[in-house]
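Here is the structure we will look at, set down as structure tokens.
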Number of protein chains: 2
Amino acid sequence: MQTSMTLEELKGMLIEKGIQPSFHRLKILEYLIGHRTHPTAEEVYQALSSEIPTLSRTTVYNTLKLFYQKGLVLALTIEDLEIRYDIDVSPHGHFKCLECGKVYDLPFPLSPAQRSELEGHQILEYHIYFRGICRECRSKQHPA
Amino acid sequence: MQTSMTLEELKGMLIEKGIQPSFHRLKILEYLIGHRTHPTAEEVYQALSSEIPTLSRTTVYNTLKLFYQKGLVLALTIEDLEIRYDIDVSPHGHFKCLECGKVYDLPFPLSPAQRSELEGHQILEYHIYFRGICRECRSKQHPA
DNA sequence: ATTCACTGTGCAATCATTCCAAAATCAAGA
DNA sequence: TCTTGATTTTGGAATGATTGCACAGTGAAT
């Protein structure tokens with residue numbers, strides 16, 4: 001879980017996923033690795049645009065979507081109708097504080113009660129969802 | 001799990017949650033009970049506006065948000081940056097088909113593998129999240 | 001130098017949702 | 001029945017995140 005990497009290591013991560021390592025893509029990846037705060041596209045843009053004044057918002061959106069489609073990051077849609085990105089793609093849960101808005105990582109699986117005890121967070125609501133191809137659509141795709 | 005109720009029963013459901021039973025609110029509740037398809041606000045609006053031509057989109061949005069705040073419905077934000085509402089507030093999971101877009105209810109808890117076997121759905125991705133007040137904010141609210 | 005494919009830009013458009021001020025409705029009391 | 005005040009509803013404008021699109025830039029190989 002290191003928070004800074006060499007340029008070569010960053011390049012390797014992109015190439016491994018079939019993503020060409022352009023300057024902007026490396027910078028955005030570096031930011032995600034260094035800031036495990038589940039940032040939104042806007043937050044990434046705000047953080048990098050002072051360092052890279054020519055950076056376009058659209059580039060940030062495109063890049064994060066590309067990372068997601070290539071499986072390099074997770075995309076979280078917990079609430080507020082905004083997408084947050086997580087460089088940690090291993091199975092784990094998330095906890096969003098309704099007071100301060102911070103998003104925490106949680107071990108998984110554990111019962112909500114255990115988690116509450118363990119972390120000291122007060123859990124008011126939880127939700128689990130799955131994405132995939134449903135039975136009906138599968139049978140249409142390859143009819144017996 | 002009945003799909004139609006008398007007017008009195010619908011009124012009772014609203015009053016029980018501290019919601020005044022206006023005509024529009026009853027109609028929207030009736031729709032949610034009769035259509036367990038996790039509809040969006042837009043879908044509810046489209047379905048009811050032919051029957052109630054004066055219905056405003058804002059009323060549907062306000063009403064669904066009120067129902068959610070009063071704990072009468074669940075709010076799902078699985079993807080697509082849209083909120084879906086579920087009249088079933090008991091603990092259960094959801095499965096969204098990436099092909100047809102339908103949202104299925106799933107028993108909970110079960111391991112993803114078990115669920116896949118059981119239902120015939122192909123699960124490509126799953127996510128679990130919690131909402132509440134985090135440890136840090138709690139200690140600020142009532143300092144020892 | 002030219003070409004070609006890929007990457008990045010910036011503004012317009014889209015889409016769901018919320019804001020807001022005015023209009024409608026309703027209940028209770030005079 | 002009329003008045004008053006609170007609540008509900010309306011509809012158009014505003015907001016905020018995201019995407020579309022057409023053009024510009026870049027860089028490697030010819």
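Chain A is the first sequence line, chain B the second, and so forth, proteins listed ahead of strands; every chain is numbered from 1.
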Checklist entry - To the nearest angstrom, how far is A/I19 atom CD1 from C/dG8 atom P? => result 12 Å
Checklist entry - For every nucleotide of nucleotides 15-30 of chain D, 5' to 3': is a protein heavy atom under 4.0 Å from its base (B), only from its sugar-phosphate (S), or from neither (-)? => result --SBBB----------
Item to check | side-chain contact (heavy atoms from CB on, under 4.5 Å) partners for B/E79, two or more places apart | outcome: A/R131, B/K96, B/L98
Next on the checklist: On the side chain of A/S56, is there an atom forming a donor-acceptor pair with the base of C/dG8 - under 3.5 Å, no angle test?
Outcome noted: no
Next on the checklist: Rounded to whole Å, please give me the gap between CG in A/L64 and P in C/dT7.
Outcome noted: 15 Å
Checklist entry - How many Å lie between OH on B/Y45 and P on C/dA16, as a whole number? => result 13 Å
Checklist entry - With sequence neighbours excluded, what pairs up with A/L26 under the side-chain contact (heavy atoms from CB on, under 4.5 Å) test? => result A/L7, A/L10, A/K11, A/L14, A/P21
Item to check | Aromatic ring proximity A/Y104/A/H94, centre distance under 6.0 Å | outcome: no
Checklist entry - Just how far, in rounded Å, is P of C/dA24 from CG of B/L55? => result 17 Å
Checklist entry - Do A/F67 and A/M5 share a hydrophobic cluster, counting only Ile, Leu, Val, Met, Phe, Trp and Tyr and linking them when any side-chain heavy atoms are less than 4.5 Å apart? => result yes
Checklist entry - Can you find a heavy atom in the side chain of A/L76 that is under 4.5 Å from one in the side chain of A/H38? => result yes
Item to check | Pairwise side-chain contact, A/E82 with A/T77, heavy-atom cut-off 4.5 Å (strictly under) | outcome: no
Item to check | Close side-chain approach of A/R36 and A/I87, heavy atoms under 4.5 Å | outcome: yes
Next on the checklist: Nearest whole Å is fine: how far is C/dT9 P from A/I52 CD1?
Outcome noted: 9 Å
Next on the checklist: Heavy atoms only, 4.0 Å cut-off, all strands: where does A/T59 land among base, sugar-phosphate and nothing?
Outcome noted: base
Checklist outcome for this item: Atom CG of A/L66 and atom P of C/dG8 are separated, to the nearest Å, by 10 Å
Item to check | Euclidean distance, atom NE2 of residue A/H24 to atom P of C/dG10 [Å, nearest integer] | outcome: 10 Å
Checklist entry - Of all the nucleotides listed (D/dT8, C/dT7, C/dT9), which has the minimum atom distance to the side chain of B/S22? => result D/dT8
Checklist outcome for this item: To the nearest angstrom, the NZ-P distance between B/K27 and D/dT9 comes to 14 Å
